[in-house]
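One structure below.
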Amino acid sequence: QVQFVESGGGLVQPGGSLRLSCAASGNSLSIYAMNWYRQAPGKQRELVATISSSGSTTYVDSVKGRFTISRDNAKNTVYLQMNNLKPEDTAVYYCHAVLRRLDYWGQGTQVTVSS
């Protein structure tokens with residue numbers, strides 16, 4: 001059992017940066033992989049980044065070199081640092097985890113990249 005509270009979204013100009021946070025209440029997430037997904041209008045939900053329980057990370061090609069996923073197990077929080085943002089990054093971003101074969105999702109936070 002876990003609930004996620006996301007924060008950090010907003011409006012930013014192209015080339016700017018945002019840091020998304022996903023704070024979990026309930027279970028400790030230290031032994032679980034954590035993910036960030038995003039969904040743009042009219043598009044399928046897309047896996048953006050993953051961090052394993054051991055700290056290894058993977059990214060979708062379109063964000064490699066610009067985004068960094070990290071976790072602070074003491075705070076039970078996962079972050080997504082987004083640099084050099086582009087208009088095509090505009091989407092609702094969701095944190096996600098699988099616990100005991102069940103999917104858990106944050107409420108989503110809007111990221112808009114526009115001049």
Side-chain angles (χ1 to χ4, degrees):
Q1 303 294 329
V2 65
Q3 291 184 331
F4 297 143
V5 177
E6 299 179 22
S7 62
L11 175 64
V12 65
Q13 294 183 358
S17 298
L18 288 171
R19 188 181 73 163
L20 306 184
S21 298
C22 177
S25 61
N27 290 358
S28 171
L29 299 179
S30 62
I31 65 171
Y32 301 99
M34 293 293 301
N35 310 300
W36 285 98
Y37 284 78
R38 67 186 180 188
Q39 188 164 25
K43 295 186 177 180
Q44 293 282 99
R45 190 166 296 186
E46 174 187 41
L47 177 62
V48 176
T50 295
I51 184 165
S52 74
S53 60
S54 64
S56 63
T57 59
T58 58
Y59 302 90
V60 68
D61 285 346
S62 60
V63 310
K64 287 180 179 176
R66 301 188 297 119
F67 289 12
T68 303
I69 187 171
S70 62
R71 66 196 304 164
D72 185 339
N73 288 335
K75 296 181 178 180
N76 219 23
T77 299
V78 180
Y79 304 94
L80 186 67
Q81 178 67 46
M82 304 184 293
N83 297 327
N84 192 23
L85 283 160
K86 302 176 179 180
E88 49 263 46
D89 296 318
T90 295
V92 178
Y93 284 72
Y94 301 88
C95 62
H96 167 266
V98 178
L99 288 75
R100 301 176 66 185
R101 297 183 292 177
L102 296 176
D103 290 288
Y104 293 85
W105 295 91
Q107 82 279 5
T109 185
Q110 177 71 50
V111 172
T112 302
V113 185
S114 176
S115 298

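Side chains included, hydrogens not; waters and symmetry mates left out as well; all remaining heavy atoms used.
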Do Thr50 and Thr57 touch side chain to side chain, with heavy atoms closer than 4.5 Å?
no

Can you check whether Thr90 reaches Val111 side chain to side chain, under 4.5 Å on heavy atoms?
no

Please report the shortest heavy-atom distance between Gly9 and Leu20, naming the atom on each side.
N-CD2, 3.6 Å

Hey, could you give me the CD1/OG distance between Ile31 and Ser52, rounded to the nearest 0.5 Å?
12.5 Å

Minimum heavy-atom distance between Gln110 and Ala91, given as atom pair plus value:
NE2-O, 3.4 Å

If you define the side chain from C-beta out and look only at heavy atoms, does anything of Leu99 sit under 4.5 Å from Asn27?
yes

Flag side-chain contact, heavy atom, 4.5 Å: Met82 against Tyr93:
yes

Should Pro87 and Ser114 count as side-chain neighbours, where that means a heavy-atom distance under 4.5 Å?
no

Can you name the closest pair of heavy atoms from Ala97 and Met34 and give their distance?
CB-SD, 3.4 Å

Taking Gln107 for the side chain and Glu6 for the main chain, is one N or O donor matched with an acceptor at less than 3.5 Å?
yes

Please tell me if the side chains of Gln81 and Ser17 come closer than 4.5 Å, counting only heavy atoms from C-beta onward.
yes

Arg45 charged N/C atom sitting above Tyr94 aromatic ring, 6.0 Å / 45°
yes

Going through the checks in order, is the side chain to side chain contact (heavy atoms under 4.5 Å, CB included) test met by Val113 and Gln13?
CA-CA 5 Å; Val113 185; Gln13 294 183 358; over 6 Å; no

Mind listing the closest non-hydrogen atom pair of Phe4 and Leu29 along with its distance?
CE2-CD1, 3.5 Å

Nearest heavy-atom contact between Ile51 and Val78 is CG2-CG1, 4.5 Å

Do Val92 and Val48 share a hydrophobic cluster, counting only Ile, Leu, Val, Met, Phe, Trp and Tyr and linking them when any side-chain heavy atoms are less than 4.5 Å apart?
no

What residues form a ring pair (Phe, Tyr, Trp, His ring centres under 6.0 Å) with Tyr37, not counting sequence neighbours?
His96, Trp105

Ser28 vs Ser30, test: side-chain hydrogen bond (donor to acceptor under 3.5 Å, both in side chains). Steps then yes/no.
CA-CA 6 Å; Ser28 171; Ser30 62; 3.3 Å; yes

Would a hydrophobic clustering, with Ile, Leu, Val, Met, Phe, Trp and Tyr connected at side-chain separations under 4.5 Å, put Leu102 with Tyr32?
yes

Side chains of Asn84 and Phe67: closer than 4.5 Å at any heavy-atom pair?
no

Flag the pair Arg19 / Tyr79 as yes when at least one side-chain heavy-atom distance between them is below 4.5 Å, and no otherwise.
yes

Residues in salt bridge (Lys or Arg N to Asp or Glu O under 4.0 Å) with Lys43, at least two apart?
none

Rounded to the nearest 0.5 Å, what separates atom CZ in Arg71 from atom CG in Leu80?
13.5 Å

Selection residues 72-91 - residue pairs positive for salt bridge (Lys or Arg N to Asp or Glu O under 4.0 Å), sequence neighbours left out:
Arg38-Asp89, Arg66-Asp89

Of all the heavy-atom pairs spanning Ile69 and Trp36, show the shortest one and how long it is.
CD1-CD1, 3.5 Å

With side chain to side chain contact (heavy atoms under 4.5 Å, CB included) as the test, would you mind laying out the steps for Leu47 and Asn35 before giving the verdict?
CA-CA 7 Å; Leu47 177 62; Asn35 310 300; 3.7 Å; yes

